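Below is one structure, written out as structure tokens; the observations come after it.
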Amino acid sequence: MKNTTVLISGASIAGPALAYWLERYGCTVTIVEKAPALRPGGQAVDFKGETHMKVLARMGILDEVRRRQTGGHDTTFIDADGRPQAVMPGEFTGGEIEIGRGDVAALLYERTAARCEYVFGDSITSLTETASGVHVTFERGAPRTFDLVVGADGIHSNVRRLAFGPEEDYVRFLGHYYALADASAPGAPAQSVMYNEPGRMVSLWGNKARAFFVFASEQLQYDRWDTDQQKRLLARAYEGARWRVPEIIAAASGAPEFYLDSISRVEIDHYAKGRVVLLGDAAYGNTLGGFGTGLAIVGAYVLAGELAAAGGDHRVGFRRYEEEFRGYAKISRKGNAGPFLAPPTQGRIRMRNQMFKRSLLLKSMLWMTDRFATNIDLKDYPAPAGRPHGPAPARG
Ligand SMILES: Cc1cc2nc3c(=O)[nH]c(=O)nc-3n(C[C@H](O)[C@H](O)[C@H](O)COP(=O)(O)OP(=O)(O)OC[C@H]3O[C@@H](n4cnc5c(N)ncnc54)[C@H](O)[C@@H]3O)c2cc1C
């Protein structure tokens, strides 16, 4: 295989999943991550249907994913006095397997850390393509040259900005923000509950005490790496809210684990430009759509497999990855979870709640999402050498 030195930007889900496959195909893989360490946290993510299961099994991690799963849970919609209005069944938000995002990231890191080079606390500052490679400069590290560069750095991808152009050209803001905090509000109910006011929502995941917020907003200007500033934005968005919101906001403001982002969608015509290619949310992200992690895992399998099948020829491999994958990823072009989670009026909140009393409607929605999750004919790519890697001691 040619083109065997690969730089991946982003160590969350897509990056380490691709690193896993490329290393097994004989590549030398470096992963650069802007955060100082692997980022924990995030909502539970789900895997469903035979496509996801097949890829997880081929990576040799299906059993471990099952072992670490949290299981789905019902969520009760409540009013300002805490009275139940309707119940959203766990199967609606979860899949066949529900597992913490941070647990999937940790598992993929464990399977790759000993055989790939992880560089934390750094970021690419420029990419210059030559006939034989890509010259890369970094914020902190010395410049290096790689055969290929992969942007697996999320919906606000740095690689996409450097290689394709500014974020505004590719990311559409969908009118809402969401935030997650590992926050125990005193006396939090044991079950998962969700409270709505027009254009804003707060949910507590029972005794896991994760607070989850979705609110409608104009586009905000803020520093994505400054969580204190983001906590202040959140507090402002929930001023005057009823139920237990003031105490939950106070707990979130002191939470060590905190994550806030816009609900946005990536719209890009091609995933690759020369020797640079995008994977996961950087290429087809739709925040809170519920598909991001499955798309990242399956996308990594297809991208690595097509590259290997093309003997490392990036022109052929990248083109086939896109041809194979674009249809599957079209789910990310649809839907906006914002108005569903934080309906704009009391009437819409009632309508949303009523929906969960109609089992036929619910079943047909679940059937649709299952179909999207399996809407690809997964190829059998060249078998990598050796057996799937088990956990191995990290290089540090
Ligand atoms: C901490 C965290 C919490 C999340 N919580 C949720 C959630 O609750 N709900 C939800 O729907 N999705 C969440 N996501 C996104 C979710 O993980 C993705 O939708 C999906 O799993 C696809 O993963 P990805 O690897 O493509 O992108 P992401 O998971 O977004 O990962 C991108 C990675 O790139 C890194 N990165 C960003 N900029 C740079 C840079 N300049 N240089 C190097 N690395 C960079 C990020 O730190 C991150 O580790 C979360 C992501 C993270 C990182």
Side-chain angles (χ1 to χ4, degrees), residues 7-19 30-47 52 93 98-106 108-109 118-127 136 138-141 149-163 167 171 174 176-182 203 205 210-214 223-225 227 230 256-266 271 278-300 303 329 331-332 335-338 341:
L7 173 66
I8 299 172
S9 174
S12 174
I13 308 294
L18 181 71
T30 301
I31 302 184
V32 60
E33 163 62 51
K34 189 169 168 78
L38 202 64
R39 298 175 70 180
Q43 276 182 307
V45 297
D46 47 278
F47 296 112
H52 293 175
T93 49
E98 192 167 299
I99 172 170
R101 187 213 69 91
D103 290 336
V104 182
L108 294 170
Y109 175 72
Y118 276 87
V119 180
F120 286 100
D122 208 349
S123 174
I124 300 170
T125 49
S126 73
L127 298 166
V136 185
F138 297 92
E139 268 171 22
R140 298 177 58 187
V149 174
V150 183
D153 41 8
I155 203 147
H156 307 290
S157 172
N158 183 42
V159 167
R160 190 186 57 225
R161 182 178 58 79
L162 292 169
E167 178 162 321
V171 179
L174 297 178
H176 292 76
Y177 285 83
Y178 72 100
L180 287 146
D182 212 354
S203 160
W205 297 350
R210 289 272 179 79
F212 173 41
F213 308 84
V214 174
D223 179 347
R224 273 200 302 279
W225 300 89
T227 44
Q230 293 164 25
E257 256 182 48
F258 184 89
Y259 184 81
L260 179 139
D261 202 350
S262 59
I263 297 186
S264 301
R265 175 196 298 148
V266 176
Y271 301 153
L278 303 174
L279 176 70
D281 275 11
Y284 31 79
N286 180 347
T287 28
L288 284 189
F291 285 91
T293 306
L295 284 174
I297 295 270
V298 179
L303 173 55
I331 177 65
S332 66
N336 173 5
L341 290 166

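One-based numbering along the sequence shown. Note that this is a predicted model, so its numbers are computed, not measured. Each ligand, and each atom within it, is numbered from 1 in the order the structure gives.
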### Summary
ligand 1 atoms nearer than 4.0 angstrom to some heavy atom of Trp225 are 37 (C), 38 (N), 47 (O)

### Message
Check this for me: does any side-chain nitrogen of one of Lys34 and Asp122 sit under 4.0 Å from a carboxylate oxygen of the other?
### Response
no

## Note on the structure
If we number the atoms of ligand 1 from 1 as shown, the ones under 4.0 Å from a heavy atom of Leu180 are 5 (N), 7 (C), 8 (O)

### Query
So which bit of Tyr178 gets within less than 4.0 Å of ligand 1, heavy atoms only: side chain, backbone, both or neither?
side chain

### Query
Quick one: does Ile155 get an N or O within less than 3.5 Å of an N or O on ligand 1?
no

### Distance flag, aromatic centroids of Phe291 and Tyr284, threshold under 6.0 Å
no

### Query
For ligand 1, which part of Arg101 has a heavy atom less than 4.0 Å away: the side chain, the backbone, both, or neither?
side chain

### Message
Need the ligand 1 atom indices (1-based, order shown) with element for anything under 4.0 Å from a heavy-atom of Pro40.
### Response
1 (C)

### Task
Indicate, as side chain, backbone, both or neither, the part of Arg39 found under 4.0 angstrom from ligand 1 when only non-hydrogen atoms are considered.
side chain

### Summary
Quick look: Ile13 vs ligand 1, heavy-atom contacts under 4.0 Å, and the answer is both

### Query
Going from OG on Ser264 to NE2 on His156, what distance comes out if it is rounded to the nearest 0.5 angstrom?
5.5 Å

## Note on the structure
So the atoms of ligand 1 within less than 4.0 Å of a heavy atom of Ser9 turn out to be 42 (N), 43 (C), 44 (N)

### Message
My understanding is that only one of Ile8, Leu108, Val104 makes a side chain to side chain contact (heavy atoms under 4.5 Å, CB included) with Pro16; could you say which?
### Response
Leu108

#### Entry: Selection from Val119, Asp122, Asp153 by shortest heavy-atom distance to atom 36 (N) of ligand 1
Asp153

#### Entry: Enumerated ligand 1 atoms positioned under 4.0 Å from heavy atoms of Gly280
26 (O)

### Query
Considering only heavy atoms, does Ala282 approach ligand 1 within less than 4.0 Å through its side chain, its backbone, both, or neither?
neither

### Task
Could you grab the distance from atom CZ of Arg265 to atom CG of Leu174, nearest 0.5 Å is fine?
5.0 Å

### Message
Counting only heavy atoms closer than 4.0 Å, does ligand 1 sit against the backbone of Val32, its side chain, both, or neither?
### Response
backbone

### Query
Does a side chain donor of either His52 or Asp46 reach within less than 3.5 Å of an acceptor in the other side chain?
no

### Tyr178 and Phe212 aromatic ring geometry - parallel, tilted or perpendicular at 30°/60° bounds
perpendicular

